[in-house]
Amino acid sequence: MGIKEKLAEKSGMPREIVLNYPKLTLIGNNELEIENYKGIIEYSDTLIRLNTYLFMFRIEGSELEISSVTTDFISVRGKIKGIEML
Amino acid sequence: MQELFKFFKGYVIIKITGDFPERFLNLAVNRNIYIWDVRRAGNNVYTMKMSAKAFLELKKVAYISNCRVSVIAKKGFIFRLKSIKNLKAILTGILIFGIVIVYVSGCVTDIYVEGNENLTVSDIEDRLSGYGLKRWVRKSSLDTENIQRLFLKDNDDVSYIAVNLHGTKAYVQVAEAVEKPYIVDADAPCNIVSDKDGIVETLRVKTGFPVVKEGDAVHQGQLLVSGITDSRFLTVRYVNSDAEIVIRTWRDFCREFPLIREIRTKTGNTSTSYRITLWGKTVKKAKTKFDNFSADEELVTDQSHLGITKVKFFEENVIYETLTPEEAFEIYYKEYLGEIKKGLPEATEIVSVRHNSKEDEGKLRIWIELETLEKSGVKQEIKKEETNNGENN
């Protein structure tokens, strides 16, 4: 465990802020919000691959669309069938 | 809310065509361009929305990512405004509207008069217009205190006036002056004359010289007690006559009453409608589905240009009852006599009541004759100059 991780744990500060860990929020199976992502690697209406500071996410589904996107936040809508960490 | 904000700021729907749309998205996002609703529209074709302002920064992004960008649609309030052909005319209209509103808010649009009893509202308004208070006059040009002062000075029939300006309305409160009765000076010489026809019942003279005696028939305006005396021993004297005079009079009344009586009973069904008037003209009448009804009216708004009246209709059953002359007399006589009694002068003593009735063409004619004892006598001032002139002539 690194110093930053220990500091975050001891201080009780949110790790997604201190360590830039990705934070996923899945609402049902049709909306996924990801904070602290780095970039879009691949986008189609059945597959989205996103890069974060820890993993690469592979989101599979159908009728996928990016409902909004900023530098550190992305929101995906559609019929989400699976999320995979690579 | 966010959608509304986007609509007001304006946004564009663009189409991206290229091998690496992901690269385009990443580059745009890193340049702080907010993008939303990214959808795949075909093979290597994507649509997305972004703010109209951010679109201008896309040229470099498109060049680096080797994508072609084209605008599909422009949405939002700004673009709608630009698409209006007669924008100048509309803006001019808005400007004129604004000027009119500002001008009108500085004027008196309505005058409300309260407290008048005998004087009409239009009469008071006409008089006020002479002092500058009228509709569509600038409020800044009005000196309400001065108007009040001058109005009271010039109008003797008004004892109090208050002019208050609230918004565009002028509220005028008036109190009418009570006309003072003609009072003969207690020391001024005067006669007493009869104010009605009849027979003198009692005559008690305190001062003055009686011209008639009890039992005499007198007519209206006849001299009863004189304030002038002329004897062989004394010179002409003038006195203030005072007497208590009671006169026996007869009053006749006659009225026709229908023998078919209308009896109305409420069924309990009600309906409400509104009557709207614009500048005194009725633009919408209050309507009801009832054939027979009575109505109560309640004023909702009463302004010079707009009047709204709430009318509540009560459905009624109407039955017509045919009365015999006897029944009709029984019903109407007491009612009619009560009406007559109310109209009699104060302190009138009814000595006797005689009545008669006759049926005539479906109507009942009722006569009532009242024999009454009433106070009589009106003081009439004696003008010495006239008397002297008469003597000299």
Side-chain angles (χ1 to χ4, degrees), chain A residues 16-17 19-86, chain B residues 1-55 57-58 60-62 64-69 72-73 75-76:
Chain A
E16 70 269 21
I17 294 170
L19 304 169
N20 277 338
Y21 280 0
K23 184 180 174 183
L24 277 74
T25 311
L26 183 67
I27 303 163
N29 68 340
N30 48 22
E31 188 169 352
L32 175 66
E33 292 176 353
I34 301 168
E35 290 172 54
N36 290 333
Y37 88 102
K38 271 172 76 178
I40 303 163
I41 298 166
E42 189 182 348
Y43 169 54
S44 72
D45 53 355
T46 53
L47 174 71
I48 296 175
R49 284 198 298 146
L50 299 172
N51 196 12
T52 68
Y53 293 96
L54 282 181
F55 320 102
M56 188 190 290
F57 282 103
R58 184 186 160 90
I59 303 153
E60 279 181 69
S62 59
E63 298 169 25
L64 295 178
E65 62 176 58
I66 298 168
S67 59
S68 67
V69 57
T70 63
T71 48
D72 56 0
F73 173 83
I74 187 165
S75 172
V76 177
R77 276 187 192 167
K79 290 173 187 171
I80 298 164
K81 287 174 185 167
I83 304 164
E84 196 180 351
M85 289 186 292
L86 302 169
Chain B
M1 190 67 195
Q2 207 178 3
E3 292 299 315
L4 198 70
F5 186 68
K6 284 173 187 171
F7 177 79
F8 269 100
K9 279 194 81 177
Y11 62 91
V12 288
I13 302 171
I14 57 167
K15 187 172 80 174
I16 306 293
T17 313
D19 293 331
F20 305 103
E22 299 87 359
R23 191 171 160 78
F24 175 88
L25 280 170
N26 288 330
L27 284 167
V29 165
N30 284 331
R31 279 172 168 74
N32 285 325
I33 296 169
Y34 177 53
I35 296 169
W36 69 95
D37 285 353
V38 183
R39 283 176 194 150
R40 189 169 181 269
N43 203 15
N44 290 335
V45 180
Y46 296 86
T47 61
M48 59 195 76
K49 292 172 184 173
M50 63 176 61
S51 69
K53 206 175 172 183
F55 177 73
E57 297 173 33
L58 278 184
K60 204 171 182 181
V61 176
I64 295 167
S65 61
N66 199 20
C67 289
R68 275 187 294 139
V69 181
I72 299 172
K75 301 270 182 180

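Predicted model, so just to flag it, every value in this text is computed and none were measured. Below, read A as the first sequence line, B as the second, and so on, with proteins coming before strands; counting in each chain starts at 1.
The six-membered or imidazole ring of A/Y43 lies near that of B/Y46, with a centre-to-centre distance under 6.0 Å.
A 4.5 Å side-chain heavy-atom check between A/T70 and B/Y34 finds at least one atom pair inside the cut-off. The side-chain heavy atoms of B/S51 and B/K9, taken from C-beta on, include no pair separated by under 4.5 Å.
Of the atoms belonging to A/I41, it is backbone heavy atoms, and not side-chain ones, that fall under 4.5 Å from chain B. Proximity to chain A is limited to the side chain of B/L25, based on heavy atoms less than 4.5 angstrom apart. Heavy-atom distances place both the backbone and the side chain of B/D37 under 4.5 Å from chain A. In this structure, the portion of A/Y37 lying under 4.5 Å from any heavy atom of chain B is its side chain and not its backbone.
At a cut-off of 3.5 Å, with distance as the only test, no side-chain donor of A/S62 or A/T46 sits close to an acceptor on the other residue.
Chain A forms more heavy-atom pairs under 4.5 Å with one residue of B/R23, B/R31, B/R40, B/E22 than with any other, namely B/E22.
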> Should A/E65 and B/R39 be marked as a salt bridge (Lys or Arg N to Asp or Glu O under 4.0 Å) after you check the CA-CA gap, both sets of side-chain angles, and the distance that decides it?
Replying inline: CA-CA 5 Å; A/E65 62 176 58; B/R39 283 176 194 150; 2.8 Å; yes

